[in-house]
Amino acid sequence: MNITFYPYQPFSVQNKKITVCSTSSPEVYTKLIAGMSGAQETVKFSNDQYELMDYSKAVIWGGDVAAINLNHLFQNRLIKKFAADLTDQQRQKLTQLDSEIRSTILDAAFMYELTLDVNQEWDLQRMIKFYNLQFSTAVQHDPYGIIESIVQTAVELNESKIITLINVSHYLSINQFNELVRLVATLNVKLFLIEFSEEVKSDQYQKCCYYHIDNDYVEWRYE
């Protein structure tokens, strides 16, 4: 896929290789984030044939790692997939447990001299939501764990959109970033990072597709 940020040539974002765009220009930084977050139409998206794509079909906006809520980002879709992927044996077990819970509630209701009943409708997804299948608290307090969970969840959901994060370098050590590079290299996932940086860091991002726009709006490419 391609990200077009006028007047620059499109940034190519492909599977298995992180794409990084850094800039020392506050104006470029602000406009790029506005476009990638969907707040403004400062960025255009296209497929590999350069056919334009709607924002909703092109980007998963994560933003700043510290502000990401994994459950808000993925929980509903993950529950739907989880329900669809259960084996017949697992479904039968859950159906049995659900029946036992309803029967226990009805038995307890006999303490009242009232005619009471419970809803007998079986809804697997609603049951999973009730028990709140979610990302663990430990993961959501670990910056690397958050990023790792995002890319791995995207793979589980067969997601082809561009995952976009900002200022990842603020949260990861060099070793953690290198580990992220190795992880993405094994996955069919598109990861686009936006960084504010006074300097070109081609050595740090030598295993990435790297673009830098300096304070004079000059672009440097290391693809």
Side-chain angles (χ1 to χ4, degrees), residues 1-3 5 11-23 29 32-39 43 45 47-48 53-85 125 128-129 132-197 201 204-205 207-211:
M1 292 175 63
N2 302 288
I3 299 170
F5 180 58
F11 306 139
S12 176
V13 184
Q14 303 298 328
N15 291 335
K16 298 183 179 295
K17 191 173 185 180
I18 297 174
T19 301
V20 181
C21 181
S22 68
T23 182
Y29 181 71
L32 190 54
I33 289 177
M36 295 304 298
S37 66
V43 174
F45 307 94
N47 60 24
D48 290 340
M53 301 175 63
D54 292 336
Y55 175 84
S56 61
K57 296 181 179 180
V59 177
I60 295 176
W61 172 251
D64 192 286
V65 174
I68 292 174
N69 184 321
L70 290 172
N71 294 314
H72 178 75
L73 201 59
F74 292 120
Q75 189 178 38
N76 288 339
R77 292 180 60 195
L78 200 55
I79 286 175
K80 183 176 180 180
K81 178 173 174 56
F82 178 83
D85 289 345
Q125 287 189 44
I128 297 169
K129 284 183 179 181
N132 200 18
L133 181 70
Q134 62 179 325
F135 292 91
S136 72
T137 302
V139 168
Q140 296 194 83
H141 285 91
D142 172 28
Y144 184 82
I146 290 172
I147 299 170
E148 182 182 42
S149 295
I150 289 173
V151 297
Q152 290 183 332
T153 303
V155 172
E156 290 291 343
L157 296 175
N158 295 317
E159 187 58 76
S160 60
K161 298 177 184 177
I162 301 171
I163 301 165
T164 306
L165 306 174
I166 64 174
N167 292 328
V168 165
S169 64
H170 293 187
Y171 301 98
L172 302 186
S173 66
I174 293 176
N175 287 339
Q176 285 177 318
F177 184 80
N178 289 336
E179 182 59 33
L180 180 62
V181 170
R182 288 191 289 269
L183 175 64
V184 171
T186 68
L187 304 174
N188 286 319
V189 63
K190 299 177 180 68
L191 182 58
F192 182 65
L193 308 181
I194 302 172
E195 297 279 345
F196 189 87
S197 174
K201 297 183 178 181
Q204 179 176 339
Y205 300 122
K207 294 184 179 180
C208 304
C209 186
Y210 178 49
Y211 307 94

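Residue numbers count from 1 along this sequence.
- Under the 30°/60° scheme for interplanar angles, the aromatic rings of F11 and Y211 are found to be tilted.
- In this structure, the side chains of L165 and I150 come closer than 4.5 Å at one or more pairs of heavy atoms.
- Here the side chains of L32 and T23 are not in contact, with every heavy-atom distance at 4.5 Å or above.
- Between I18 and Y205, every side-chain heavy-atom pair lies at or beyond the 4.5 Å cut-off.
- In this structure the side chain of L172 never reaches within 4.5 angstrom of the side chain of E179, judged on heavy atoms.
- Counting only heavy atoms from C-beta outward, the side chains of F196 and I166 never approach each other to under 4.5 Å.
- Closest approach of N175 and R182 over heavy atoms only: O-NH2, 4.4 Å.
- In this structure, F45 and M36 have side chains that are in contact, with non-hydrogen atoms separated by less than 4.5 Å.
- Counting heavy atoms from C-beta on, the side chains of L78 and L133 never come closer than 4.5 Å.
- Two residues are said to be in side-chain contact when any heavy atoms from C-beta on lie closer than 4.5 Å; N76 and K129 meet this criterion.
- Every residue two or more places apart in sequence or in another chain was checked for a salt bridge (charged side-chain N to carboxylate O under 4.0 Å, His left out) with K80, and none qualifies.
- With sequence neighbours excluded, no residue satisfies side chain to side chain donor-acceptor pair (under 3.5 Å) with Y144.
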Might you work through the salt bridge (Lys or Arg N to Asp or Glu O under 4.0 Å) test for E195 and K201, ending with a clear yes or no? CA-CA 11 Å; E195 297 279 345; K201 297 183 178 181; over 6 Å; no

